[in-house]
Amino acid sequence: MHNREELRQRALRAANKPAAIGADIDLGQFDQSPVEHRPMDKDDLLSLPAIEKQRLLMAGIDVTESERSGTYIQKDTSVVRCGTKQAGIEVLPIKKALEKYDWIWDYYWKLVAVDADKYTAAVELNLHDGYVIRALPGAKSIYPVQACLYLDKQNFQQNVHNIIIAEEDSELHIITGCSTSPHMTRGAHLGISEFFVKKNAKLSFTMIHNWAEDMAVRPRSVARVEEGGLFLNNYVCMKPVRSLQMYPTTHLVGDNATARFYSIIMGSPGSEYDVGGRVYLKKPGTRAEIVARTISNGGKITARGHLIGEVPDIKAHLECKGLILSGGIIHAIPELEGHADGVEMSHEAAVGKIAAEEIAYLMSRGLSEDEATATIVRGFLSVDIPGLPPQLKAEIDRAVEQSDKDVM
């Protein structure tokens with residue numbers, strides 16, 4: 001049987017435990033009390049003010065829901081929309097799942113440690129909600145499921161726990177957008193995500209952050225990929241944020257399992273990012289790739305990558321490229337760790353500025369300096385993500401395109 005009380009006791013003991021990396025945040029400064037919002041039907045979504053629709057769009061959320069197989073929207077602590085349009089795909093709030101279904105306890109806090117730090121502890125001690133998205137065995141999502149974690153209340157701390165399960169032979173695409181309302185400037189978001197990719201399943205998870213400038217963000221996520229499974233994890237953050245620290249970890253526990261992490265990050269003045277990815281390759285034939293593109297426009301970015309090859313016949317590659325546009329710091333920390341003969345691991349890291357001759361060349365072709373810079377930046381950010389459905393690629397391209405306008 002599950003023991004919620006034991007989880008709670010462990011969380012209490014870790015309530016003041018700082019994270020191993022990243023700036024420490026005083027969580028006492030934020031309000032966590034419940035905020036009631038009424039449920040929204042499709043007409044409510046369609047009649048949102050244009051500025052709110054735009055913010056949702058920038059986080060990959062389609063208010064028409066036309067090319068989505070399910071939707072989950074949480075505003076502060078309230079689930080305002082939740083449902084699925086496709087058989088074999090389940091979308092439900094985690095609080096409801098914990099009350100109604102015994103199977104959820106096989107997944108809840110099974111990958112992320114509840115006492116890892118004060119951020120994980122805070123989510124268990126005052127869980128607001130979060131989503132459970134599951135593809136049943138053999139189900140294949142035609143369109144992505146969209147999930148939005150939205151903050152509306154000023155100085156609010158949102159605590160969420162998400163569980164994503166791709167059962168055997170299933171295929172699940174998720175686009176999750178995190179955003180704040182136009183009037184909100186300050187708050188915190190703590191999010192736990194646990195991913196279970198079963199045998200021969202495929203899960204693509206694309207996260208687009210569109211936060212307010214004075215947000216503190218602490219996601220904690222761990223994935224487990226079984227034999228023949230594929231986990232694609234994409235992260236896009238092109239908007240200012242005060243402090244973001246995350247280090248998603250994946251365990252490839254079955255033969256021929258694969259993980260790919262792709263991230264695109266733009267650091268603005270006053271922003272501090274500590275981001276990365278870590279993959280444990282535990283079985284023969286496992287493959288991993290971590291690709292990061294970072295641009296600093298005056299922000300501080302620490303880009304980490306850690307590949308751990310525990311057995312022979314694994315292949316892994318790490319690529320971190322940074323571009324400094326106007327001040328700021330980019331600190332790339334690539335790590336390769338081989339524990340056996342026959343591991344094949346590589347990395348490349350580069351940090352630099354746009355070459356003057358590239359700009360001169362484009363200007364000679366009739367572009368202004370700003371246009372030339374924007375063109376180079378767009379080329380630098382265009383990461384080809386294999387296996388991504390065209391709708392998701394379009395969302396990422398749109399986020400990059402929109403941000404170019406802000407940067408220049």
Side-chain angles (χ1 to χ4, degrees), residues 19-25 58-59 178-180 185-189 207-219 234-248 261-277 290-306 318-335 347-360 362-363 368-383 396 399-408:
I21 49 178
D24 192 44
I25 294 167
M58 283 293 295
C178 295
S179 190
T180 47
T185 56
R186 183 171 193 272
H189 169 84
M207 180 157 63
I208 301 179
H209 275 177
N210 184 21
W211 294 117
E213 293 197 22
D214 208 3
M215 283 289 298
V217 185
R218 293 291 181 270
N234 310 307
Y235 178 65
V236 181
C237 185
M238 311 292 291
K239 291 292 187 183
V241 60
R242 177 68 56 225
S243 171
L244 167 73
Q245 191 273 312
M246 62 180 202
Y247 202 9
F261 282 72
Y262 298 89
S263 55
I264 300 172
I265 292 164
M266 179 84 76
S268 318
S271 293
E272 193 171 331
Y273 300 81
D274 191 316
V275 294
I290 298 176
V291 177
R293 290 279 187 280
T294 56
I295 291 186
S296 177
N297 217 14
K300 181 182 179 189
I301 302 173
T302 302
R304 302 171 189 274
H306 191 185
L318 180 59
E319 181 184 308
C320 178
K321 291 188 175 165
L323 198 56
I324 298 178
L325 283 188
S326 52
I329 300 168
I330 296 178
H331 184 186
I333 309 175
E335 289 185 78
H347 84 70
E348 51 181 301
V351 176
K353 62 182 176 59
I354 294 179
E357 55 269 25
E358 285 185 57
I359 290 187
L362 289 172
M363 288 174 73
S368 71
E369 188 175 351
D370 282 355
E371 288 166 338
T373 306
T375 303
I376 293 165
V377 167
R378 202 171 301 131
F380 175 80
L381 291 177
S382 67
V383 179
I396 292 176
V400 171
E401 184 81 28
Q402 184 70 35
S403 302
D404 278 353
K405 299 187 181 83
D406 298 348
V407 169
M408 303 312 158

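Side-chain polar atoms of Ser268 and Asn297 form no donor-acceptor pair below 3.5 angstrom.
Glu369 is linked by a side-chain hydrogen bond (donor to acceptor under 3.5 Å, both in side chains) to nothing, counting only residues two or more places apart in sequence or in another chain. Partners of His189 by ring pair (Phe, Tyr, Trp, His ring centres under 6.0 Å), not counting sequence neighbours, listed by chain and number: Trp211. Legend: residues meeting side chain to side chain contact (heavy atoms under 4.5 Å, CB included) with Ala23, ordered by chain and number and at least two apart, are Arg218, Ser243, Glu272. Among residues two or more places apart in sequence or in another chain, the side chain to side chain contact (heavy atoms under 4.5 Å, CB included) test is passed with Thr185 by Gln154. Every residue two or more places apart in sequence or in another chain that forms a side-chain hydrogen bond (donor to acceptor under 3.5 Å, both in side chains) with Tyr235 is listed here: His209. Residues passing the side-chain hydrogen bond (donor to acceptor under 3.5 Å, both in side chains) test with Thr180, sequence neighbours excluded: Arg55. Checked against salt bridge (charged side-chain N to carboxylate O under 4.0 Å, His left out), Asp274 has the following partners two or more places apart in sequence or in another chain: Arg304. Annotation: side chain to side chain contact (heavy atoms under 4.5 Å, CB included) contacts of Glu213 (sequence neighbours excluded): Pro240. Arg293 meets the side-chain hydrogen bond (donor to acceptor under 3.5 Å, both in side chains) test with Glu319; sequence neighbours excluded.
Between atom CD1 of residue Ile295 and atom CD1 of residue Ile324 there is a gap of 11.0 Å, rounded to the nearest 0.5 Å. Note: Cys320 SG to His331 NE2 = 10.0 Å, rounded to the nearest 0.5 Å. In this structure, CD1 in Ile301 is found 10.0 Å from CG in Leu244, a value given to the nearest 0.5 Å. Phe380 contributes atom CZ, which lies 5.0 Å from atom CG of Leu323 (distance to the nearest 0.5 angstrom). Here the CD1 atom belonging to Ile290 is positioned 11.5 Å from the NE2 atom belonging to His347, to the nearest 0.5 angstrom. Remark: Ile264 CD1 to Cys237 SG distance equals 11.0 Å, nearest 0.5 Å.
Counting only heavy atoms from C-beta outward, the side chains of Lys239 and Met215 never approach each other to under 4.5 Å. Annotation: side chain of Thr294 is not in contact with side chain of Ser263 (no heavy-atom distance under 4.5 Å). For the pair Gln245/Ile21, a side-chain contact is recorded, criterion being any heavy-atom separation below 4.5 Å from C-beta on.
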N/O donor-acceptor pairs under 3.5 Å from side chains in residues 349-359, not counting sequence neighbours:
none

